[in-house]
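I have placed the structure first, in the form of structure tokens, so that the comments after it can refer back to it.
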Amino acid sequence: MTNSISEFEHSNAYFVIGSNMTEAHPIIALRLKRGARYNGAKLVVADPREITLTKYATLWLRHKPGTDAALINGLMHVIIEEGLEDKAFIEDRTENITALKKVLKKYTPAFTEKITGVPQDKIIEAARIIGTEDKVAFFYAMGITQHVMGTENVMDVANLAMLTGNVGRPSTGVNPLRGQSNVQGACDMGGLFNYYPGYQRVDLEENWKKFSESWGCDTLSRDAGLPATAMINAAVEGTIKALYVMGENPMMSDPDIGHTEKGFKNLDFLVVQDIFMTETAAMADVILPATTYAEKDGTFTNSERRVQLLRQVIDPVGKSRVDWKIIMDLSTRMGRPMTYQNTAEIMDEIASVTPIYGGISHERLEKKGLQWPCPDKNHPGTPYLHKDKFSRGKGFFYPVDYHPPAELPDPEYPFLLTTGRMLSHYHTGTMTRRSKGLNEICPEGFMEIHPKDAGSLDIEDGEMVRVSSRRGTITVKAWVTRKVPPQVVYMNFHFAESAANRLTIAALDPMSGIAEAKVCAVRIEKLQLQETAV
């Protein structure tokens with residue numbers, strides 16, 4: 001996130017796309033609801049489903065799943081045609097606007113409506129809100145990233161923010177919402193295939209030398225590794241022989257679970273380090289029982305780049321051990337001794353090799369959390385990014401031309417399936433489904449289907465149905481609702497008994513390797529009486 005959560009109550013407008021914020025990120029959603037309800041901020045929500053946030057919206061753009069880039073391009077076309085762009089910001093702080101305008105020329109309201117299904121008048125109204133309000137904050141989540149053009153979708157949101165001068169100021173910015181509590185921290189610490197900690201590229205010689213010297217190791221690779229999705233493909237092909245899975249449950253969270261299962265079965269060795277027995281851990285050769293957040297010290301870095309100190313409150317349960325101690329012992333036994341005494345020492349090493357964390361220590365975090373970049377011990381942290389300039393100097397407009405999802409409905413599979421989270425459960429249910437109260441709120445998976453489609457298939461609300469794609473078949477309870485439009489069905493993916501990701505497609509974004517988990521074609525069938533009885 002470029003900006004801080006506390007700023008958003010003071011924004012003049014919001015644009016939310018690909019995020020069911022009230023269920024997946026409810027605390028941040030509160031800020032937007034307060035801003036819209038009490039401070040008069042205008043809220044534009046782009047979502048194929050009728051989510052809770054649409055009730056607070058000034059304008060709801062109900063676009064077809066997978067058409068995000070076309071919609072954003074349509075908004076920018078109107079902004080430019082009506083002269084609403086921030087000309088001074090564009091001139092002083094950006095480059096490549098001519099190339100962007102060339103691509104946007106064809107995205108007239110009529111052309112955009114044809115692709116997205118959003119009426120022309122709503123496209124124009126939304127563009128005027130975004131183009132005329134002073135402080136506009138942009139939000140997105142996996143609803144736009146989990147597509148074959150997910151990276152370009154994100155770049156297009158950045159294009160829209162720069163076009164309107166809504167970067168580098170309080171209460172504005174491009175704000176991705178992270179899925180769980182320390183996803184940001186994991187990325188910051190090098191949990192990516194092409195970066196060392198602090199987003200320092202592995203293919204740069206100076207970075208290789210720096211980390212080799214700091215870690216006393218001359219065997220670091222100069223080449224980028226593989227993104228998680230490509231690892232599964234490599235396992236299927238037999239070029240990866242072993243995997244170490246830590247705090248992740250790919251046998252539920254990966255698209256096309258059957259493909260993931262095939263990859264895991266093809267491994268010679270699988271290690272899983274986790275707090276509970278997951279579907280992935282059940283396939284492991286070795287399980288390393290880890291501790292929960294309450295059983296360890298350390299830090300979490302949240303969506304707004306805030307590093308926060310975590311303190312242990314109970315002893316590790318059973319034979320579970322703290323993650324860093326497990327890793328330290330493994331490294332030592334493999335010939336690379338690690339001798340950290342505590343997590344404060346680890347944070348000091350992080351600060352020594354990671355410029356954006358350079359001024360962060362446990363001693364400072366005892367007083368309050370700090371937002372990176374925080375380059376030295378006297379720096380107060382950075383509430384918002386790009387105040388005077390971008391990290392690359394000038395902001396670069398990256399022209400994005402829409403192209404359709406990898407798989408669209410056809411006569412054999414006539415419905416479009418999209419997936420998401422819900423308030424009472426998150427991710428693969430590893431923790432939330434062990435909570436009695438949360439299970440009482442939602443004990444099973446469901447599929448939302450429009451009344452028109454349910455009627456044509458003779459499906460009653462609450463009936464079990466069979467949902468099939470080219471990759472698999474599941475049975476799930478149908479919820480007949482107008483939250484979804486005709487020809488679109490929606491499922492959450494928290495339930496192993498009706499795992500939505502048995503259906504989703506593993507088509508990959510060529511830039512980032514992220515999978516298109518949000519759009520695929522499915523067929524729906526009413527179960528026969530004898531099948532329901534079984």
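These figures come from a predicted structure and were not determined experimentally. Heavy atoms only: backbone and side chains are in, while hydrogens, waters and symmetry mates are out.
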**Chi angles and distances behind the salt bridge (Lys or Arg N to Asp or Glu O under 4.0 Å) call for K42, E133** = CA-CA 9 Å; K42 295 179 180 178; E133 293 296 332; 3.4 Å; yes
**Message:** Any carboxylate oxygen within less than 4.0 angstrom of a Lys/Arg side-chain nitrogen, looking at D323 and K296?
**Reply:** yes
**Prompt:** Are there more than 12 heavy atoms of other residues, nucleotides or ligands under 6.0 Å from atom CZ of R333?
**Reply:** no
**Residue K210 excluded, over 12 heavy atoms near NZ under 6.0 Å** = yes
**Message:** Tell me whether the count of non-hydrogen atoms from other residues, nucleotides or ligands lying under 6.0 Å of CG in D376 goes above 12.
**Reply:** yes
**Message:** For the backbone of A161 and the side chain of T164, can you confirm whether one donor and one acceptor N or O come within less than 3.5 Å of each other?
**Reply:** yes
**Request:** Any chance you could measure N159, atom CG, to L100, atom CG, to the nearest 0.5 Å?
**Result:** 5.0 Å
**Request:** Can you establish whether the number of heavy atoms outside R201 located under 6.0 Å from its atom CZ is more than 12?
**Result:** no
**Asked** Under 4.5 Å between any side-chain heavy atoms of L310 and Y293, yes or no?
**Response** yes
**Request:** Salt-bridge test for R321 and E295: reply yes if a basic N is under 4.0 Å from a carboxylate O, no otherwise.
**Result:** no
**Prompt:** Below 4.0 angstrom, N of the basic side chain to O of the carboxylate: do D388 and R93 qualify?
**Reply:** no
**Item:** Carboxylate-amine/guanidinium proximity below 4.0 Å for R222 and E205
**Value:** yes
**Prompt:** Does a side-chain heavy-atom distance below 4.5 Å link Q200 with Y195?
**Reply:** no
**Message:** Evaluate D188 against Y199 for side-chain hydrogen bond (donor to acceptor under 3.5 Å, both in side chains), listing each step before the verdict.
**Reply:** CA-CA 7 Å; D188 295 350; Y199 307 98; 2.4 Å; yes
**Prompt:** Do L330 and L288 touch side chain to side chain, with heavy atoms closer than 4.5 Å?
**Reply:** yes
**Prompt:** Is there side-chain contact between V307 and L365, with at least one heavy-atom pair below 4.5 Å?
**Reply:** yes
**Request:** Check the angle between the aromatic planes of F138 and F15 and answer parallel, tilted or perpendicular using the 30° and 60° thresholds.
**Result:** perpendicular
**Message:** Under 3.5 Å, is there a donor on one side chain and an acceptor on the other for Y196 and S214?
**Reply:** no
**Prompt:** Take atom NZ in K389; do more than 12 heavy atoms of anything else shown fall under 6.0 Å from it?
**Reply:** no
**Prompt:** Are E95 and R392 ion-paired here, with the side-chain N under 4.0 Å from a carboxylate O?
**Reply:** yes
**Exam field: side chain T278 to backbone A281, donor-acceptor pair closer than 3.5 Å** = yes
**Message:** Which label fits W215 and F211: parallel for a plane angle under 30°, tilted from 30 to 60°, or perpendicular past 60°?
**Reply:** tilted
**Request:** Salt-bridge test for D256 and K262: reply yes if a basic N is under 4.0 Å from a carboxylate O, no otherwise.
**Result:** no
**Message:** Are the side chains of F139 and V174 in contact, using a 4.5 Å heavy-atom criterion?
**Reply:** no
**Close side-chain approach of M491 and L503, heavy atoms under 4.5 Å** = yes
**Asked** Any side-chain heavy atom of V245 within less than 4.5 Å of one from Q273?
**Response** no
**Over-ring placement of R49 relative to Y490, 6.0 Å and 45° cut-offs** = yes
**Item:** Side-chain heavy atoms of L71 within contact of L61, under 4.5 Å
**Value:** yes
**Asked** Taking atom types as modelled and ignoring hydrogens, do the side chains of K368 and Q308 form a donor-acceptor contact shorter than 3.5 angstrom?
**Response** no
